[in-house]
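As structure tokens, the structure follows; a few thoughts come after it.
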Amino acid sequence: MSGSIERAKRGLIAEWRLHALSVVSLAVAFVCLGAALLVVVNLHELKERWGRTGRASVYLRDDAPPAQVEAIVAALKVIPEVKSVRYLSPADARAVVFGQGGGDPTLRNIPQEAFPASIEIDVAPEVGEAEVQAIVGKLAALPAVEGVETYGTWTARLGSVLQGGTLAALALATIVFGAVLAVVGSTMRLALTRRRAEVEVLRLVGASSSFVKTPYVLEGTFQGAIGATAAVAVLALLFFLVKTRLDADLAGLLGLDPTFLPPLVVLGMIVTGAVLGAMGGALGLRRLTAV
Amino acid sequence: MAGSSARAPLQPFLRAGSRDPLRGGEAAAKKPVLVFDGVQKVYHQPSGSDLHVLRGVDLAIERGEFVFVTGPSGAGKSTMLKLVYRAETVDDGRILFCGRDVARLTDDSIPFLRRNLGIVFQDFKVVPTWTVAENVAIALEVLGLSARLIRQRVAMAIERVGLAGRGGDRAGVLSGGEQQRVAIARAIVGEPALVLADEPTGNLDPALALDILGLFEEIHAQGTTVMFATHDRTLLDVRPRRILVLDEGRVTDVAAGLEHFGDDFVDEEDDASAPRAIVAPTRLRRVS
Ligand SMILES: Nc1ncnc2c1ncn2[C@@H]1O[C@H](COP(=O)(O)OP(=O)(O)OP(=O)(O)O)[C@@H](O)[C@H]1O
Ligand SMILES: [Mg+2]
């Protein structure tokens, strides 16, 4: 085994250009996969967070008489499922978006009308989706109410986005797996033809088939693992660059707090890279038959 | 013999057949290393016609012999050797190496056969990117010997072929003659039962060819059995040696000298005035 590692090392050094090219291709493939996973992970996070907060926004017509609005607020306050009720005037809404200091100057040009007055309701977390929908239904029927938005509908929408994202990530994963096998396989085939003399010598001195092949499989494993690791490193760098540039106010508004891939996913990517690399290496050796 | 105390463990190929041929007892010592018994070889050519290269070859090579194999180009010298190291298989007959039928080996046991052979080619077949020592060591690495033992025996083999001190050099930078010495060191480092050489001097100038032949003779003098294929007549004439002449698919066994043969079997221009070391009348022998 140590001899195989030694020969794999020799091979990697002797053909470093070829192997570097292969690692770069693998890294690109894994960056795509990792980015898709990153999106899925964050959508999932978001859905979880939104799912937990039982909230609803009751948007009021601009011409709604204040008496009616007060009546609605009073009525909501006595419903046991409702934990808190808060009236937000257009000015309040604007302040929420921009923060106290004024926030992003481009956003400050958004006209006042863009922010309808609303009643913000917090529903107790133990209240089920159906009960929330019942209250929403009654509220929506009121003449002063323009519309009701619950996070429930958002959560549902997010759920389908998440599903699509997961499917896309799966499809991407399949493509990436195929690409890794193809890249490592053809790299090994190329390495093999370049090292034909070496293989011939090994055969001549009575090397067993596994003795001949093991270094190539090790090289494939190494390539896969390095490619995946490089991809994770690149993604991490991009992620933190984007995160620091992301407008904090906008992120807060969306309840978005981007998280990087969890350690287990990172580990999984690297292990997958290694395993696929080994398989690709073995695949590249298929034509290397006995004698 | 040098290094015999550090011999490789017995390989299954031998274990299953006779005892270790190099240290074997009296009985083993008397058994031929190599026997061809009615060997036929046909190449099926793409044109559709069959080429009968060997049409029933019988011969026996005893332990410690030095045998030339010669004959015109295309006679089947390389084919004969390939049959021994199982790069080709016989179509009929048997080839016994150390008592085992080579033709019946499974693909899995071919490596074990080759670990008991040392093979040298015209084109050296050294790995140019490896060092001299690495090129030689590979023959022992496949046996799984310890690194210390490999170092010792590699150093010894490199010295035997006259490359002492060059072990760390990249094989690619060596001259042709030196590369062939590396190949020879690789062939003998495992102390094989038989060394096969297929035109080992073919790529070298005449003086160098004689040097390399001399090296094979030294190796032979130390007890190694050598089968040396060549069509270079000057090599055959250096010393009286047993010669197997291959022509028209058959082997004629010549104890020494080639006078009674026409010169037509050698490709190269024959220099009749070249000194001949042969005195004894030739004796033809069929071995079965
Ligand atoms: N794999 C093969 N398929 C078909 N024909 C072959 C094959 N190998 C060798 N031959 C033919 O068999 C004949 C014997 O070839 P071989 O290489 O054994 O000759 P040789 O005596 O070694 O010749 P040389 O002195 O030129 O090396 C040649 O005519 C060659 O063309
Ligand atoms: Mg030949």
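Each chain gets a letter, A, B and so on, in the order its sequence line appears, and its residues count up from 1.
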Checklist entry - Would you call A:Val205 and B:Arg115 a side-chain contact if the rule is heavy atoms closer than 4.5 Å? => result no

Item to check | Working for side chain to side chain contact (heavy atoms under 4.5 Å, CB included), residues A:Arg195 and B:Val127 | outcome: CA-CA 9 Å; A:Arg195 279 149 74 183; B:Val127 182; over 6 Å; no

Next on the checklist: Would you say that more than 12 heavy atoms from the other residues, nucleotides or ligands in this model lie under 6.0 Å from the CG of A:Leu264, or not?
Outcome noted: no

Next on the checklist: Quick check for you: to the nearest 0.5 Å, what is the distance between A:Phe211 atom CZ and B:Ile138 atom CD1?
Outcome noted: 4.5 Å

Next on the checklist: Within this structure, what is the OH-CZ distance for the pair B:Tyr85 and A:Arg203, rounded to the nearest 0.5 Å?
Outcome noted: 13.5 Å

Next on the checklist: Please give me the minimum heavy-atom distance between B:Arg114 and A:Leu204, naming the atom from each residue.
Outcome noted: CB-O, 3.6 Å

Checklist entry - Got more than 12 heavy atoms from elsewhere within 6.0 Å of NE2, B:His220? => result yes

Item to check | Under 4.5 Å from a heavy atom of chain B, the part of A:Glu198 involved | outcome: both

Item to check | Smallest separation among heavy atoms of B:Pro111 and A:Ser208, with atom names | outcome: CG-CA, 4.1 Å

Checklist entry - Distance from B:Thr129 atom OG1 to A:Arg10 atom CZ, nearest 0.5 Å? => result 8.0 Å

Item to check | B:Phe216 CZ: over 12 foreign heavy atoms closer than 6.0 Å | outcome: yes

